[in-house]
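What's counted below: heavy atoms across the whole structure, side chains too, no hydrogens, waters or symmetry copies. Just so it is clear, the model here is predicted, and its values are computed rather than measured. Chain letters run A, B, ... following the sequence lines, proteins first and then strands; every chain starts at 1.
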Amino acid sequence: MTVRTRFAPSPTGYLHIGGARTALFSWLYARRHGGVFVLRIEDTDLERSTKESVNAILEGMAWLGLEYDEGPFYQTERFDRYRDVIQQLLDTGHAYQCYCSKEELDVMREEQKARKHKPRYDGRCRHRKGVPPKGVKPVIRFKNPLDGAVVVDDLVKGKVIIQNSELDDLIIARSDGTPTYNLTVVVDDWDMGMTHIIRGDDHLNNTPRQINILQALGAELPVYAHVPMILGADGQRLSKRHGAVSVMQYRQEGYLPEALINYLARLGWSHGDQEIFSLDEMIDLFDASDVNKASSAFNPEKLLWLNQQYIKNSKPEHIIHHLSWHLGQRGMDPTRGPDIIEVVKTQQERAKTLAEMADNCYFFYKDIDSYNEKDAGKHMKPEILPALETLATALSELATWDKEPIHDLIKAVAEQFELKLGKLAQPVRVAVAGRAMSPPIDITLALLGREVTLARLDTAVKYLHTLPAE
RNA sequence: GCUCCCUUCGUCUAGUGGCCUAGGACGCUGGCCUCUCACGCCGGUAACAGGGGUUCGAGUCCCCUAGGGAGUACCA
């Protein structure tokens, strides 16, 4: 039997990290078992579903690399099928029309609550006799079994038993004839041959009702795995006030998709002490039954650390693939300046995000029109002028513009003026980078090239001359 | 209220009755390295929600309590 899993978001917003993780687990499970991963868009809520949301979800999944084998299927295109199933349920006596008004139901629920009971439909229309009331469009309710219990053998939660007496006759078709969620998922999962339903544990309560419908339909039951939800860093339900919740926002902030994937996988799932997993390793090791039962809090610091690990250990070419978007955002053209591969190599150990890396690369590709005020105040002092001028002259005469000779030269000039290396390197750094932060000074100059280096040193010398002597 | 789910360092987790005076990771922190920023390396901090059982022995099994979450819609 081929394993078939699905991700079934409703398009009412962007792809958020909670959804992304259940999608990831579904995807991993399918890949692990050589199965099929299906994408289904649950857009039966016409009011809240939008085309933009569909695109946002598709975009997010594409960026994460969660490719699907079938779909996307849209529930709005399957209304005929749902109608048929509802009719079938009606014909076989598993469903009935209910003429209760909203007001009537509200009264009933209030009474139940007053008696400290669980509010639920009491099935009064099951046996409604005589002519239906005129002008009232009925809803269709599923006839839930009255006794017995439903047992869900959940891959994550274990055995969960719910008494049928706790369940009521849920509405499967609205008065306008459109199907509701619990009916459409069941029909779709059945039609699409889903063998494993991996979804958020907020659906655990729906599962017994869905199983009952499945059974009324004579369908084979899938295996369920209800994965816990992701909480915000404060342990509360994830929402916008926790910062980035949209997957695409992480791209903007400079995260590598594989870092996010790795982080999401490790949230609620683990394999011994291992923290970093390649996609192949995850596919090889992932099992739904190893997923933790408790929900976990999203920890931005750890994600940042993981991102840094990935940046440090990835091939420069791969980084550039994702970095170029950030460079473009800042108006930088990596073809006009030092070899971007060499620049990235110097940055892999000094940037936690691609956004930070792009900022760090700025002075390699753009002219600097000012110095960082604080750094200049600290390092750009008139007394460094002689050394700086000597260095500039020496650099202009240097035979080969390369890291080692540049390093030797700076060291020699520093010694000549009885300065520690840092005392000379820092002013040079501010002069060429605009701030007291850059890769090692010899590498920085080597990459920048002789022309740019000398021009910026010249600018610095002129700037120093404008300062009042102490 | 009712039903269901959950509970190991601040956070993510290891742990399936003795290997646990509870291990790893992030964070925080002391030090080393150092031309800046970083990387790296060595060290430190900190947890079995509480209470009862079962057992020679419990983080691990059972029960209760507390706390957290979900559902309880003509939303999904």
Strictly by Watson-Crick or wobble contacts shorter than 3.5 Å, is anything paired with B/G43, and which nucleotide is it? B/U29
Does A/Glu356 come within less than 4.0 Å of A/Arg350, counting only side-chain N to carboxylate O? no
Watson-Crick or G-U wobble mate for B/C37, both contacts under 3.5 Å: none
To the nearest Å, how far apart are A/Asn360 CG and B/C39 P? 12 Å
Go through B/C35, B/G23, B/C26 for me and flag the one nearest to the A/Glu301 side chain. B/C26
For B/U54 and B/A14, measure between their C1' atoms and round to the nearest Å. 26 Å
Need one value for A/Ser438: base, sugar-phosphate or nothing, where a base atom within 4.0 Å counts as base even if backbone is also close, heavy atoms only. base
So, A/Asp375 and A/Arg429, do they make that salt bridge, N to O below 4.0 Å? no
Pair A/His379 and A/Tyr371, ring centroids less than 6.0 Å apart: no
Mind checking if A/Asp442 touches a base, just sugar-phosphate, or nothing, with heavy atoms under 4.0 Å? base
What about the rings of A/Phe142 and A/Tyr96, do their centers lie closer together than 6.0 Å? no
Select from A/Gln274 and A/Ile161 the residue whose nearest nucleotide in RNA chain B is closer to the 5' end of that strand. A/Ile161
Counting heavy atoms from C-beta on, name the nucleotide in B/C4, B/C35, B/C26 closest to the side chain of A/Ala425. B/C35
Nearest to the side chain of A/Leu421, heavy atoms from C-beta on, is which of B/C4, B/G24, B/C35? B/C35
Send over the distance from A/Arg429 CZ to B/U36 P, rounded to a whole Å. 7 Å
Pick the P atom in B/G68 and in B/A73, then give their distance to the nearest Å. 23 Å
Whether A/Asp189 and A/Arg40 form a salt bridge (side-chain N of Lys/Arg under 4.0 Å from carboxylate O of Asp/Glu) is what I want to check. yes
Distance col, row A/Ser438:OG vs A/Phe364:CZ, nearest 0.5 angstrom, shows 7.0 Å
Length of the line joining A/Lys293:NZ and B/C4:C1', which is rounded to integer Å: 13 Å
Counting the atoms with a prime plus P, OP1 and OP2 as sugar-phosphate, which does A/Gln308 contact under 4.0 Å by heavy atoms, base, sugar-phosphate, or nothing? sugar-phosphate
Tell me the interatomic distance from A/Phe363, atom CZ, to B/U36, atom P, rounded to whole angstroms. 16 Å
Counting only Watson-Crick or G-U wobble pairs whose two distances fall under 3.5 Å, which nucleotide matches B/A73? none
Verify the contact: side-chain N or O of A/Lys157 to OP1 or OP2 of B/C5, cut-off strictly under 4.0 Å; return yes or no. no
One thing to verify: whether A/Asp188 and A/Arg81 come together as a salt bridge, which I'm taking to mean a side-chain N less than 4.0 angstrom from a carboxylate O. no
4.5 Å side-chain heavy-atom contact, A/Ile276 and A/Asn262: yes
Tell me, do A/Cys98 and A/Tyr121 make a side-chain contact under 4.5 Å, heavy atoms counted? yes
Can you check whether A/Pro439 reaches A/Gln347 side chain to side chain, under 4.5 Å on heavy atoms? yes
In whole angstroms, the gap separating P of B/C5 from NE2 of A/His226 amounts to 12 Å
Are A/Asp191 and A/Arg78 close enough for a salt bridge, meaning some N to O gap below 4.0 Å? yes
At under 4.0 Å between heavy atoms, how does the protein contact nucleotides 71-76 of chain B? Give one character per nucleotide, 5' to 3', with B, S or -. BSSBBB
Work out how far the C1' atom of B/G27 is from that of B/C63, and round it to whole angstrom. 38 Å
A/Lys312 side chain N/O closer than 4.0 Å to the phosphate oxygens (OP1, OP2) of B/G40? yes
Nearest-Å distance for atom pair CG/C1', residues A/Leu231 and B/C6: 11 Å
Residue A/Trp305, side-chain heavy atoms: nucleotide from B/C35, B/G27, B/G24 that is nearest: B/G27
Quantified in whole Å, what is the C1' atom distance between nucleotide B/A70 and nucleotide B/C26? 29 Å
Considering only atom C1', compute the distance from B/A46 to B/C12 and round it to an integer number of Å. 15 Å
Scan every strand shown for a Watson-Crick or G-U wobble partner of B/G18, both distances under 3.5 Å, and answer none if you come up empty. B/C56
How far, in whole Å, is B/G51 from B/C41 if one measures between their P atoms? 40 Å
Nearest-Å distance once atom C1' is located in both B/G18 and B/C61: 15 Å
Which part of the nucleic acid, if any, lies within reach of A/Leu204 when heavy atoms closer than 4.0 Å are counted: base, sugar-phosphate only, or nothing? sugar-phosphate
Using a cut-off of 4.0 Å on non-hydrogen atoms, how would the nucleic acid contact of A/Gly268 be classed: base, sugar-phosphate, or nothing? sugar-phosphate
Pairing check on B/A66: which nucleotide meets the Watson-Crick or G-U wobble criteria with it, both distances under 3.5 Å? B/U7
Mind checking A/Ala297 for me? I need base, sugar-phosphate or nothing, with any heavy atom below 4.0 Å counting as a touch. sugar-phosphate
If each of A/Glu275 and A/Val160 is mapped to the nucleotide of RNA chain B with the nearest heavy atom, which maps nearer the 5' terminus, i.e. the 5' end? A/Val160
Spacing of A/Lys403 atom NZ relative to B/C35 atom P, expressed in whole Å: 14 Å
Mind checking if A/Lys411 touches a base, just sugar-phosphate, or nothing, with heavy atoms under 4.0 Å? nothing
Would B/C5 be called syn or anti, given that syn covers angles within 90° of 0? anti
Using a cut-off of less than 4.0 Å, is there contact between a side-chain N or O of A/Asn292 and OP1 or OP2 of B/A14? yes
Integer angstrom distance from the C1' of B/C48 to that of B/U7: 10 Å
Tell me whether the OP1 or OP2 atom of B/C6 has a side-chain N or O from A/Ser295 closer than 4.0 Å. no
Whole angstrom is fine here: how far is it from CZ in A/Arg266 over to P in B/G27? 14 Å
